[in-house]
Amino acid sequence: MNTTAKDTAAATDTVAERPPVFSVDGLWKVFGPKAKAARVPADPVLAALGPAELRSRTGCTAAVADVSFDVRQGEVFVVMGLSGSGKSTLVRCLTRLVEPTAGSITIDGEDVRAMDRSRLRALRRHRAAMVFQHFGLLPHRTVLDNVAYGLEVQGMGRAARRERAAAVVAKVGLEGLEQRRPGQLSGGQRQRVGLARALAVDPEVLLFDEPFSALDPLIRRDMQEEVVRLHREEGRTMVFITHDLQEALRLGDRIALMRDGRVVQLGTPEEIVGSPADDYVREFVRDVPREQVLTVRTAMRPAADADEAGTGPAIRPGATVSEAIEAVARAGSAARVMDEGRCLGVVDATDLLSVVAGTADGAAPAGPAAVRRTAGAARLGAAATGERRAPADPRPATTEEPA
Ligand SMILES: Nc1ncnc2c1ncn2[C@@H]1O[C@H](COP(=O)(O)OP(=O)(O)OP(=O)(O)O)[C@@H](O)[C@H]1O
């Protein structure tokens with residue numbers, strides 16, 4: 001990975017404190033008649049309209065409407081929302097595969113909207129590589145040559161690029177299949193080739209556009225684990241689009257939940273499940289098993305006395321409520337939430353059950369403590385039960401996808 005990013009990431013201990021890779025401010029993408037579309041962001045009346053009204057008054061669709069966020073070094077930033085909420089448009093704006101209508105985007109402080117064609121090409125090829133849902137593989141090339149493709153485009157010599165490609169093929173678990181063609185691979189294997197091709201160019205950021213939604217559930221799960229593993233090993237920054245809540249909770253350090261082009265909530269899985277910003281988000285996360293997402297920080301209370309603070313099993317502050325239930329059940333007593341030898345609080349069976357029942361008044365902790373999770377530390381071990389929605393239709397190729 002980009003050494004500067006990795007070094008900086010290692011030097012700061014929490015994702016929240018790391019500098020942003022992408023910084024997005026007041027971003028709009030309005031589709032429709034050009035002159036009208038350009039007016040929407042600047043006109044407070046039009047900018048405030050809902051999608052149906054905007055369409056009937058101007059013929060325009062605000063696919064991205066006044067969105068601001070940072071993607072920090074080393075985090076997995078998930079963009080989630082139902083079909084048509086604006087996820088793909090938003091992520092494509094990051095590298096101007098879709099041209100934004102208004103707002104600013106920077107990568108490592110550099111203005112993406114001011115980049116000329118060659119800077120943009122370099123951005124897409126070297127700095128922010130995309131993994132697509134439909135793989136975008138070259139059918140007549142072998143696995144190895146598909147993976148080496150980006151390096152070839154960069155002008156790397158044949159021997160060097162084949163060596164690098166072979167190493168990445170092994171890294172994603174495709175050793176032995178180097179000489180096959182895409183048609184001779186399963187869907188999951190093809191997606192691994194797509195992933196390997198993006199990794200081969202050693203980008204600072206990997207952008208995933210619903211990469212696994214065409215895969216069957218078991219293979220999908222495998223690929224999710226692959227992403228978690230790669231992220232744990234390399235700490236590479238990732239932006240991941242999905243319409244699947246379960247996938248978002250499993251992979252995301254933070255999740256931006258979109259609706260009608262706007263980000264309705266941006267937070268850790270724990271914040272989104274524990275403190276939904278509005279009724280829409282609450283409905284979205286209704287079926288998530290809270291005990292598998294919320295940590296004991298949500299449930300703990302001050303120890304009643306020195307005795308309670310000094311006895312009982314010790315658990316980490318990042319432990320899930322589900323893990324704490326197990327510890328409390330085994331010990332038959334309250335558990336202590338311990339951080340570097342200090343007792344932060346205690347949880348007993350009643351505290352924990354009230355989280356499961358959704359009657360705990362303490363929602364997910366807000367502020368820096370909530371995001372003080374090292375990348376990958378508080379991932380969901382088990383599945384949320386939210387029903388999967390149908391995969392989206394493929395969109396017209398407005399990309400550099402080499403299909
Ligand atoms: N080229 C386009 N021209 C006009 N409208 C578009 C265009 N591309 C997308 N849209 C509209 O913008 C909105 C957001 O689309 P987008 O594809 O970004 O959503 P999405 O959340 O990625 O959906 P999906 O999960 O189905 O891929 C939708 O209303 C869509 O119809």
Side-chain angles (χ1 to χ4, degrees), residues 12-18 72 74-76 245 248-250 252-255 257 265-279 281-385:
T12 49
D13 66 336
T14 69
V15 169
E17 288 160 11
R18 290 180 198 160
R72 302 181 189 124
E75 79 172 324
V76 181
L245 176 63
L249 293 173
R250 190 174 290 140
D253 287 307
R254 290 189 305 152
I255 300 169
L257 179 52
Q265 188 166 6
L266 171 57
T268 61
E270 182 168 17
E271 287 166 333
I272 290 199
V273 173
S275 314
D278 60 17
D279 287 345
V281 183
R282 193 165 297 113
E283 186 59 24
F284 217 95
V285 300
R286 200 185 51 170
D287 295 330
V288 174
R290 297 160 57 82
E291 69 279 11
Q292 290 171 8
V293 180
L294 302 189
T295 64
V296 287
R297 282 199 191 92
T298 310
M300 72 185 182
R301 57 174 171 76
D305 49 38
D307 190 37
E308 200 176 39
T311 54
I315 49 178
R316 307 167 280 117
T320 60
V321 165
S322 170
E323 288 166 330
I325 288 173
E326 197 178 325
V328 167
R330 274 182 206 283
S333 71
R336 292 173 301 147
V337 182
M338 302 293 288
D339 188 24
E340 295 179 350
R342 243 168 18 97
C343 176
L344 303 182
V346 294
V347 281
D348 62 23
T350 311
D351 305 326
L352 294 168
L353 277 177
S354 62
V355 172
V356 177
T359 54
D361 42 330
V371 280
R372 198 159 291 143
R373 302 178 324 133
T374 51
R379 297 191 196 290
L380 244 193
T385 55

Would you indicate whether the side-chain heavy atoms of P269 and I255 approach each other to under 4.5 Å?
yes
Show the nearest heavy-atom pair for residues T320 and V296, with the distance to one decimal.
O-CG1, 4.0 Å
Test item: V356 and I325 side chains (from C-beta on) under 4.5 Å apart, heavy atoms
yes
Separation between CD of E308 and CG of D305, rounded to the nearest 0.5 Å
6.0 Å
For A299 versus V355, what's the shortest heavy-atom pair and its separation?
CB-CG2, 3.6 Å
According to salt bridge (Lys or Arg N to Asp or Glu O under 4.0 Å), who are the partners of E323, at least two apart in sequence or on a separate chain?
R316
Indicate the atoms forming the closest heavy-atom contact of A277 with Q265, along with that distance.
N-OE1, 2.8 Å
Say you draw a straight line from CG of L245 to CZ of R250; how long is it, rounded to the nearest 0.5 Å?
10.5 Å
Minimal non-hydrogen separation, V337 against P317, with atom names
CG1-CA, 3.6 Å
Can you check whether L266 reaches R254 side chain to side chain, under 4.5 Å on heavy atoms?
yes
Would you call R290 and V321 a side-chain contact if the rule is heavy atoms closer than 4.5 Å?
no
Return yes if some donor-acceptor pair links the side-chain N/O of Q292 with the main-chain N/O of P289 below 3.5 Å, else return no.
no
On a heavy-atom basis, the closest approach of A334 and P313 is O-CD, 3.4 Å
Solution key, residues 340-348 side-chain donor-acceptor pairs under 3.5 Å, sequence neighbours excluded:
residue	atom	partner	partner atom	Å
D348	OD1	T350	N	3.0
D348	OD1	D351	N	2.9
D348	OD2	R301	NH2	3.0

I need the M300 CE to I315 CD1 distance, nearest 0.5 Å.
9.5 Å
